[in-house]
Amino acid sequence: MTALDSHLADTLERLKGRHQRRSLIATRMLGAGKIERGGKTLIDFSSNDYLGLASHPLLAERSAEWAIRYGSGSGAARLVTGTSPEHLAIEERIARFKGTEAALLFPTGWQLNAAVLAALLKATPGILLFTDRLIHGSLHAGAADHRQIRFRHNDLDHLEQLLTRHAGGPKLIVTESVFSMDGGRADIGRLAALAKAHDAFLYLDEAHATGVLGPQGAGLSRDVPGEVDLVMGTFSKAMGCFGAYVAGSRLLIDYLVNACGGFLFSTAPPPAMLGAIDAALDLVPGMEVERATLAGHAMLLRERLNEAGIDTGDSSTQIVPVIVNEAEKALALSEALAAEGMLAAPIRPPTVPQGTSRLRIALRTTHSLADIEQLAHFLVGNSR
Ligand SMILES: *Cc1c(COP(=O)(O)O)cnc(C)c1O
């Protein structure tokens, strides 16, 4: 055991002492909103496969077809020999979907945020970085040790005050259109106007909006065409497969191709991933019925919970938090739900602020009304 190993062991011990040590649990997605875990079938209120596309045959078939036709690997980084005609065609499709001049693929959303935000901060010495208090961990990775001027969650009055107080110099605002632990939406129109008024670059993470919200499911940035400087999103949630995109001006994408380390020095996404994304882009724009079903599920659940006095925060999307405040309560509620055949993750600090522990309910088109009623009935009876 080296000195490093003993530090690793100490960290794990400390986590255990705080009841925060985690481990991996084998789980199988079964389709129809169900999963299998520990020999039991559970209704899945945890995963982000909002439109049920992760088990759609068209995605799996095209993924397999492209792997068989083009091979399992892409051979090299994009600037070497890794750019196939399919990469370019899909990036053009994404740009059209998002209503931007250009787009670029990355292996995952985490890797994209870590690499792209870092590349933007590096481009502009002295840039001031304004971030929502609840931004995703991948954005913190991209910000690294750059000083963040943090505004209260979705509080754009606060952002405006901070922008005014720090007048002068280049500015970058980073936020999300839908927050993964709250299910609330940012006011993109006002954000864009604020960014413009203060000459700031606006960076928007649409991980949970892509496929679900906005015209054709293209995200909330589609409501204000050309107003958001950079939009990113992932194919791993509602799009049902894997990979991520960044979309924006030709200038922005050209800069990233030349100066973003996480793009330059990483092997190009493989054909199987591209095939699934291509199929998802065929299906998602036309899934208006599914998007309406999902919105209806969420509205029904919030109505049932709110009329019983349960706090669902500012949720207005497919993500509905059941806020119970104490961490132990969230954990106990999640365990009690599992015993009743339903899976919902307890979310505790440090993922959310102290005193706001919750169950995070992620709804899906594949849930039945009976699934929602069963969940609501249990929560109303057990959340006090
Ligand atoms: C899931 C998520 C990501 C990361 O995307 P992956 O493709 O899963 O790596 C980035 N930002 C937010 C807000 C997310 O919820």
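Below, each value reflects all heavy atoms present in this structure, side chains not excepted, and no hydrogens, waters or symmetry copies. Note that ligands are numbered from 1 as they come in the structure, with each ligand's atoms numbered from 1 the same way. What you see is a predicted model, and the numbers here were worked out from it, not measured in a lab.
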Can you list the ligand 1 atoms lying under 4.0 Å from a non-hydrogen atom of His208?
14 (C), 15 (O)

Atoms of ligand 1 close to Gly109 [distance to a heavy atom under 4.0 angstrom, numbered from 1]
4 (C), 5 (O), 6 (P), 7 (O), 9 (O)

Numbered in order shown, the ligand 1 atoms found under 4.0 Å of a heavy atom of Asn113 are 10 (C), 11 (N)

Nearest non-hydrogen atom to atom 10 (C) of ligand 1 belongs to which of Met181, His136, Gln111?
His136

Strictly by modelled atom types, are Ser47 and Arg364 linked by a side-chain donor-acceptor pair under 3.5 Å?
yes

Any Met232 heavy atom less than 4.0 Å to ligand 1
no

Within a distance under 4.0 Å of any heavy atom of Trp110, pick out the atoms of ligand 1 and give their elements.
4 (C), 5 (O), 6 (P), 9 (O)

Counting from 1, what ligand 1 atoms have a heavy atom of Thr234 closer than 4.0 Å?
5 (O), 6 (P), 7 (O)

Measure Ser236 to ligand 1 on non-hydrogen atoms and call it side chain, backbone, both or neither using the 4.0 Å cut-off.
side chain

Does a donor on one side chain sit under 3.5 Å from an acceptor on the other, for His140 and Gln148?
yes

Would the number of heavy atoms belonging to other residues, nucleotides or ligands and lying under 6.0 Å from NZ of Lys40 be above 12?
yes

Return yes if some donor-acceptor pair links the side-chain N/O of Asp371 with the main-chain N/O of Ser368 below 3.5 Å, else return no.
yes

Phe235 pairs by ring pair (Phe, Tyr, Trp, His ring centres under 6.0 Å) with which of Phe97, Phe106, Tyr245?
Tyr245

Would you mind listing which atoms of ligand 1 come within a distance below 4.0 Å of any non-hydrogen atom of Glu176?
13 (C)

Show, in sequence, the C-alpha distance, side-chain angles and deciding distance for His153 and Phe179, and conclude whether the ring-ring contact (aromatic ring centres under 6.0 Å, His included) test is met.
CA-CA 10 Å; His153 174 53; Phe179 283 79; 4.4 Å; yes

Is it the side chain, the backbone, both or neither of Asn48 that has a heavy atom closer than 4.0 Å to ligand 1?
neither

Only one of Arg21, His7, Arg22 clears side chain to side chain contact (heavy atoms under 4.5 Å, CB included) with Leu12; which?
Arg21

